[in-house]
Amino acid sequence: MKQVKKKTLKRNTASVVAAVTAIGLLAGCASKGEQAGAGTGDSGGQKSQVTLKVEVFDRGNSPAGMTVTNNLMTKWVQQNFGDKNNIKLEYVPVPRAQETDKLNVLMASGDAPDIVFTYDSNLVYKYAQQGGLTDLGKLIDQYGPNLKSFLGDSILAYGKFDNVQYAIPAKRAYLGKYSSMIRQDWLDKLGLPVPKTTEEVYNTLKAFKEKKPGGDQTIPLGFGLFEASYEPIIYSFIKSNMTDEEKFTLTQRFGSSDQPVTWPGHKDAVRFLNKLYNEGLMSPDFALDKDKKKLWQDVMTGKVGMYAEDAGNSYGATGDTVYLNLQKNIPGAKLAPIDPYTNDQGKHAKPSYVPAGMLIMVPKSSQHAAEAVKYLNWMAQKDVLTYMLYGTEGTNYNLVDGVPALISNDSTKQPLYNAGDMEIISNGMDFGDMNKNLSAMALAAPEQYRKDDAIALKNGLTDGIPQIPLPHPMQSETKYTKTLKDKYQESLVKSIIAKPADFDNTYDGMLKDYMANGGEEIAKERAELYKQMKK
């Protein structure tokens, strides 16, 4: 275990140093952009071709012979937007698991693509304060009629900071975050019921360890150092009797979601995780798995009995799914969607998203801000959205009750394998009705998994706790968001792997360190802001 702790600390420290260094250099990027004119002019009627650079997430899942920068969809976009507007699209890959660190480096160097994005509103605000972003308001008025119609004022407002449109938010069709999965064939083999409470989860995991239905390498609970693993468990321990004032003032926000670091019950949740770890009921090397690759490998090779994930993620959309690969490796394996974690009211409490998804920005250093808005405006058309998410009717999808149902084959997988990462102005397709949105998401999975996928997606919405709205971004959260996320995950690791007798001292010490490195400043600003809001 000492080796795990050293590696984790070293990686976290390096991440913090890199982020601080990058942010410190960001101001230089703004002045460079200002000297270049920031690209706010009209590109209409241009005689020479311009190159528009666009960020794209790289998940390492490209089909053979393709990359995230050169595939069937990038070619289609070039033909249908680029060629028609005398624009060459150039995609800049960013590893999904390292997106914030990579974006900080790109922004600090002044070499960021013309279109970048993040889910972290605090990060956007930091860039805006340091003069690193283009004001997109007038450009949207001039070149973005489709964007304004598609997003509406309410969603566009999520991209305004100090009343300036520094970002274009994506529209989120589904607000659920997480769902849980369990090996139903293991339950059947051992004669166990589906766990329906957090206590029953513990008993099920103990049975998995004792009976080893996955062989000697059985991992009762698949677990990694990412939110989808630990947040569903933590939220089930949070006390439900907090006042509105306590919820507001005790919340710590970093990244794209609220964190219950100092909420009543958080320590009990981490103590439960410590118990699971010390009893050998969860992934032993969880601290080294930040990108989910180890979890997915263990699930697909039949070692994992239960795990939590981004809702519906096991079913995929184009055939190459976690579930499918599990069944190829372990004939007869069956995953079932469940919603087992319960709080003191018996509810399946879990965080949920706001209607706005990723925040799309144009750096001040860009000379092609107008072209960037034109690109996003082109994407906001219904026929473009439909093609980028579903392909061609009859070839890649069929309509079922007016909703596209993907055809699971290679001719669908190859152009659409990273559809959600290419079609950036909408997180999923919004059909104007949540039930239709859920149907569409389930129909995107291979046919044999659609029923279970629908259940998993519905579970992700059940008893969801929305993010606490703020009247404006907070200076302290903007200042400390990256540092505190690293601190928090470091504290989780140390507290989870501590010996039970050392848990209290370890947890309390890590919380004290967290609060001393920005957490207390956030708490004070939140308390003052709450007073101002109630005047």
Side-chain angles (χ1 to χ4, degrees), residues 1-12 60 96-97 178-187 195 198 200-237 269-311 313-314 322-323 325-326 329-330 333 335-338 340-341 350 488-500 503 506-507:
M1 282 309 104
K2 289 182 179 179
Q3 185 178 7
V4 172
K5 287 195 282 186
K6 286 180 180 178
K7 286 184 178 179
T8 305
L9 286 170
K10 188 178 291 183
R11 291 173 63 180
N12 284 338
R96 179 65 175 93
Y178 310 126
S179 59
S180 292
M181 305 291 294
I182 198 166
R183 283 288 295 273
Q184 181 65 53
D185 54 311
W186 287 14
L187 295 177
T198 305
E200 290 179 9
V201 167
Y202 172 71
N203 294 331
T204 300
L205 298 179
K206 284 179 63 178
F208 285 168
K209 181 190 178 185
E210 179 184 349
K211 302 297 183 181
K212 291 182 169 56
D216 290 339
Q217 293 183 310
T218 295
I219 301 173
L221 178 69
F223 195 87
L225 196 58
F226 44 85
E227 290 87 344
S229 263
Y230 55 77
E231 285 191 358
I233 296 173
I234 287 175
Y235 268 74
S236 74
F237 283 85
V270 183
R271 189 189 302 276
F272 178 71
L273 291 171
N274 173 271
K275 183 178 182 180
L276 297 184
Y277 179 84
N278 280 282
E279 292 184 13
L281 301 180
M282 61 188 281
S283 301
D285 297 326
F286 75 93
L288 303 179
D289 186 17
K290 287 190 172 185
D291 57 9
K292 308 179 187 179
K293 289 184 179 178
K294 186 65 168 63
L295 173 65
W296 292 140
Q297 180 185 2
D298 289 340
V299 171
M300 292 187 292
T301 53
K303 299 175 185 176
V304 172
M306 181 177 165
Y307 62 96
E309 61 166 3
D310 295 329
N313 226 25
S314 292
V322 171
Y323 197 173
N325 283 305
L326 168 63
N329 294 324
I330 311 293
L335 281 173
I338 59 173
Y341 299 111
K350 59 184 76 72
Y488 179 62
Q489 291 194 333
E490 180 184 335
S491 71
L492 280 180
V493 172
K494 285 190 171 183
S495 299
I496 290 172
I497 68 177
K499 293 179 180 180
F503 174 79
T506 302
Y507 180 92

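This chain uses plain numbering: 1 for the first residue, then up along the sequence.
- Within the structure, side chain to side chain donor-acceptor pair (under 3.5 Å) contacts touching residues 292-305 (residues at least two apart or in different chains) are K292-D310, K294-D298.
- At a threshold of 4.5 Å between non-hydrogen side-chain atoms, the residues M282 and I219 do not count as touching.
- With no hydrogens or angles considered, no side-chain donor-acceptor pair links Y307 and S283 at under 3.5 Å.
- Proximity of L295 to F226: side-chain heavy atoms (C-beta onward) are separated by under 4.5 Å at one or more points.
- Counting heavy atoms from C-beta on, the side chains of V304 and R183 never come closer than 4.5 Å.
- More than 12 non-hydrogen atoms from other residues, nucleotides or ligands lie less than 6.0 angstrom from CD of E279.
- When atom types are taken as modelled, the side chain of N278 and the backbone of K499 share no donor-acceptor pair closer than 3.5 angstrom.
- Between the side chains of Q489 and Y230, at least one donor N or O lies within less than 3.5 Å of an accepting N or O.
- The two residues G280 and K209 have their closest heavy-atom pair at O-CD, 3.9 Å.
- Proximity of a side-chain donor or acceptor of S495 to a complementary backbone N or O of L492 within less than 3.5 Å is not detected.
- Side-chain atoms of I233 and L273, non-hydrogen and from C-beta on, do get closer than 4.5 Å to each other.
- Side chains of L225 and V493 form a contact here, defined as non-hydrogen atoms less than 4.5 Å apart.
- Side-chain contact annotation: E231 with Y178, donor-acceptor N/O pair under 3.5 Å present.
- Counting heavy atoms from C-beta outward, T506 and N274 have side chains that stay 4.5 Å or more apart.
- Contact record, P195 with L187: CD-CD1, 4.4 Å, taken as the closest heavy-atom pair.
- Nearest heavy-atom pair, D216 versus K212, reported as atom, atom and distance to 0.1 Å: OD1-CD, 3.9 Å.
- When every heavy atom of T218 is checked against every heavy atom of G214, the shortest pair comes out as OG1-N, 2.9 Å.
- Both cation-pi conditions hold for K275 and Y202: the charged atom is under 6.0 angstrom from the six-membered ring centre and inside a 45 degree cone around its axis.
- S229 places no side-chain N or O within 3.5 Å of a backbone atom of F223 that could act as its donor or acceptor partner.
- Using a 4.5 Å cut-off on side-chain heavy atoms (C-beta onward), T198 and F237 make contact.
- The backbone N or O of S314 sits less than 3.5 Å from a side-chain atom of E309, completing a donor-acceptor pair.
- Scored by the salt bridge (Lys or Arg N to Asp or Glu O under 4.0 Å) test, E227 finds K485 as partners (sequence neighbours excluded).
- The heavy-atom pair separating I338 from M306 by the smallest distance is CD1-CE, 4.0 Å.
- Side chains of L221 and L276 form a contact here, defined as non-hydrogen atoms less than 4.5 Å apart.
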